[in-house]
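When a ligand or atom number is given, it counts from 1 through the structure's own listing order. What you see below is based on every heavy atom in this structure, not just the backbone, and it leaves out hydrogens, waters and symmetry mates. Fair warning: this is a prediction, and the values are worked out from it, not measured in the lab.
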Amino acid sequence: MNIFRSEKLFPMIKKQVYLETYGCQMNVADSEVVLSIMSDTGFGITQDAANADVIFVNTCSVRDNAEQRVRQRISTLKNYKRDNPGVLIGVLGCMAERLRTELIDKGNVVDLVVGPDEYRKLPELVESAFSGQRGIAVKLSRVENYDDIMPLRTEGINAWISVMRGCDKFCTFCVVPFTRGRERSRSLKSVVEEVKRLSERGFKEITLLGQNVNSYQDGEFDFADLIAHVSAVDRSVRVRFMTPHPQDMSDALIQTIAGNENICKNIHLPVQSGSNRILQLMNRTYSIEHYLGLVEKIRNAIPGVTLSTDIIAGFPTESEDDHQQTLDVIHNVGYDGAFMFKYSPRENTKSWEMGDDIPDEVKVQRLNEIIDLQQTISLRRNQAHIGTTLEILVERESAKSNDEWMGRSDTNKVTVFPKENARVGEIVKIKI
Ligand code: 5AD
Ligand code: SF4
């Protein structure tokens with residue numbers, strides 16, 4: 001610890017909070033809420049863990065490997081804490097919710113365990129922890145949506161706005177309904193207000209977020225209404241959304257995407273499996289025929305739309321034939337991209353009780369086949385753009401070169417191109 005910032009010497013100096021985020025965009029958005037709450041109650045925010053009095057780790061439980069990464073991080077923090085005993089360590093998010101006291105009991109590292117619906121209590125819990133009282137707050141709420149908290153965002157081009165929290169779908173493989181609780185939506189009015197302020201601050205792209213974003217409901221307003229209102233705030237701001245569930249992909253929503261130029265023509269539509277038997281065991285609530293019909297409807301209504309998906313390989317009882325059906329769907333839809341995972345059994349979920357009967361080598365082999373096929377299709381879909389001109393929103397410098405920008409098309413194609421006269425935040429026409 002830096003003694004020049006010791007409380008006794010300089011009582012006016014703010015305690016500094018450092019936060020690192022694991023997992024999905026919802027966690028990124030939650031971290032911005034946490035930083036806002038901490039900074040409003042007088043804490044400073046630091047980008048450097050070595051300057052911090054409080055280290056928060058916002059965690060993910062969705063698959064076992066996500067948890068393992070966090071556990072490794074906590075064990076390195078253990079050494080750090082040995083040398084810096086005054087520093088508080090707090091575990092936030094889904095692992096806090098899932099593991100609760102286990103995190104505090106194990107190894108004297110963690111001082112605070114705070115679940116996703118209890119962030120308002122953080123300043124108070126941190127103060128108590130500084131006086132030696134370790135704290136745990138993991139109650140899930142039916143109403144907490146942090147509607148009145150303006151997230152602390154770093155300036156940039158893209159802003160993420162969480163519009164609903166929780167999930168009522170209970171897919172049998174998923175911990176989210178247990179770690180994030182029941183669905184609840186923010187008011188349309190406050191989301192639209194937030195978008196206005198972000199547009200005034202110069203943000204050029206807004207992504208509406210929710211675990212199940214298209215089941216958004218505020219009184220009579222559904223997600224189609226919300227995104228229509230949001231897109232009308234400033235037509236020069238692009239609007240995206242994540243993650244929709246196929247079941248709630250209404251005709252009205254498809255028409256709203258089609259009818260508003262600044263709503264991006266890219267839809268992430270998780271399919272999970274191509275086999276009806278597995279979809280039923282997963283409690284996904286649609287058949288593959290329904291899903292393919294939806295894809296056709298979307299493609300007819302929104303010319304040029306790009307689609308991406310999530311796939312799980314090796315769900316309990318998945319046969320070679322089920323797996324082939326998944327490959328068929330990937331082939332038939334021709335996704336532009338996919339997130340592809342090995343099934344990971346999660347305690348307390350329904351599928352946990354089904355056992356984990358697919359051997360790891362089989363899961364790995366199926367996953368690799370899925371990845372290989374998807375890569376071939378992604379390449380083909382990208383190559384089809386060669387020679388065409390795309391409108392690209394310039395986001396930032398390319399990771400690989402100081403002379404080039406990186407940006408994306410509204411169909412979510414990443415492009416890298418010479419800087420020339422373009423500036424960050426502008427939309428430029430780029431020949432691919
Ligand atoms: N095992 C593997 N993948 C999972 N996902 C969610 N839970 C699991 C699990 N237990 C994947 C799903 C979901 C994405 C966010 O993570 O594909 O859509
Ligand atoms: Fe999990 Fe299914 Fe809800 Fe998505 S829809 S968060 S996969 S339970």
Side-chain angles (χ1 to χ4, degrees), residues 22-30 59-69 93-95 97-98 116 140 162-185 207 209-217 223 241-249 267-275 278-286 291 307-318 322-323 326 329-330 333 335 337-358 360 362-364 366-367 370-371 374:
Y22 293 79
C24 64
Q25 282 305 327
M26 286 295 289
N27 262 11
V28 176
D30 277 6
T59 62
C60 170
S61 284
V62 77
R63 284 169 295 276
D64 186 55
N65 56 6
E67 286 200 354
Q68 291 311 331
R69 223 169 311 147
C94 289
M95 277 176 81
E97 195 60 49
R98 200 178 86 72
L140 287 172
S162 144
V163 301
M164 57 84 68
R165 303 176 69 81
C167 181
D168 290 352
K169 288 283 191 286
F170 286 92
C171 300
T172 57
F173 51 80
C174 186
V175 280
V176 165
F178 305 97
T179 60
R180 289 184 162 269
R182 297 289 63 74
E183 279 176 10
R184 65 223 101 120
S185 298
T207 306
L209 287 177
Q211 228 77 49
N212 211 331
V213 75
N214 52 342
S215 70
Y216 175 91
Q217 199 76 46
F223 187 67
F241 59 100
M242 262 199 337
T243 302
H245 190 291
Q247 186 192 317
D248 301 318
M249 203 68 207
I267 301 177
H268 185 70
L269 202 60
V271 67
Q272 313 295 0
S273 166
S275 151
I278 297 293
L279 286 173
Q280 200 158 23
L281 286 176
M282 288 176 163
N283 191 32
R284 286 294 289 180
T285 71
Y286 51 81
Y291 181 94
L307 296 172
S308 54
T309 200
D310 292 347
I311 309 264
I312 297 177
F315 187 82
T317 77
E318 185 188 73
D322 294 318
H323 167 61
T326 298
V329 166
I330 296 172
V333 174
Y335 295 104
F339 297 108
M340 299 156 281
F341 312 104
K342 237 172 32 164
Y343 172 68
S344 168
R346 312 308 292 136
E347 222 171 331
N348 293 326
T349 59
K350 272 241 167 84
S351 70
W352 172 265
E353 292 155 28
M354 299 175 195
D356 183 20
D357 60 341
I358 309 300
D360 197 57
V362 177
K363 281 187 194 168
V364 171
R366 288 180 186 167
L367 180 63
I370 289 168
I371 292 172
Q374 183 53 49

Practice item. For His268 and Phe241, run ring pair (Phe, Tyr, Trp, His ring centres under 6.0 Å): C-alpha distance rounded to whole Å, both residues' side-chain angles, the deciding distance at 0.1 Å, then the answer. Key: CA-CA 8 Å; His268 185 70; Phe241 59 100; over 10 Å; no
Review point. So Val62 and Thr179, side-chain contact (heavy atoms from CB on, under 4.5 Å) or not? Walk me through it.
Key: CA-CA 9 Å; Val62 77; Thr179 60; over 6 Å; no
Exercise for review: Could you walk me through whether Cys60 and Glu67 pass the side-chain contact (heavy atoms from CB on, under 4.5 Å) test, one step at a time?
Suggested key: CA-CA 6 Å; Cys60 170; Glu67 286 200 354; over 6 Å; no
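Using a 4.0 Å cut-off between heavy atoms, Arg284 contacts ligand 2 through its side chain alone, with no backbone atom that close. Only the side chain of Pro177 comes within contact range of ligand 2, with a heavy atom under 4.0 Å; no backbone atom does. Contact annotation: for Phe341 versus ligand 1, heavy atoms closer than 4.0 Å belong to the side chain alone.
Looking at ligand 1, you'll find an N or O of Phe173 within less than 3.5 Å of one of its N or O atoms. Residue Asp310 has at least one nitrogen or oxygen atom sitting less than 3.5 Å from a nitrogen or oxygen atom of ligand 1, judged on distance alone.
Taking every non-hydrogen atom of Gln272 and a distance limit under 4.0 Å, the qualifying atoms of ligand 1 come out as 12 (C), 13 (C), 17 (O), 18 (O). Listed by number with element, the atoms of ligand 1 under 4.0 angstrom from any heavy atom of Arg346 are 10 (N). Of all the atoms in ligand 1, the ones that sit under 4.0 Å from a non-hydrogen atom of Lys342 are 1 (N), 2 (C). Near Val62, with a cut-off below 4.0 Å to any heavy atom, the atoms of ligand 1 are 6 (C), 7 (N), 8 (C), 9 (C), 10 (N).
Other residues, nucleotides and ligands contribute over 12 non-hydrogen atoms within 6.0 Å of the CZ atom of Phe170. No more than 12 heavy-atom neighbours from other residues, nucleotides or ligands sit within 6.0 angstrom of NZ on Lys350.
Nearest protein heavy-atom contact of atom 2 (Fe) of ligand 2 is Cys171 SG, 2.3 Å. When hydrogens are left out, the protein atom nearest atom 4 (Fe) of ligand 2 is Gln211 O, 4.1 Å; that is the closest non-hydrogen contact.
Classification of the Tyr291-Tyr286 ring pair by plane angle, with boundaries at 30° and 60°, yields tilted.
Here Cys167 meets the criterion, with an N, O or S atom under 2.8 Å of atom 3 (Fe) of ligand 2. Between atom 1 (Fe) of ligand 2 and Cys174 there is an N/O/S contact shorter than 2.8 Å.
Using a distance-only test at 3.5 Å, with no hydrogens or angles considered, no donor-acceptor pair links the side chain of Arg346 to the main chain of Val176.
In this structure, Phe341 has its ring center no closer than 6.0 Å to that of Phe173.
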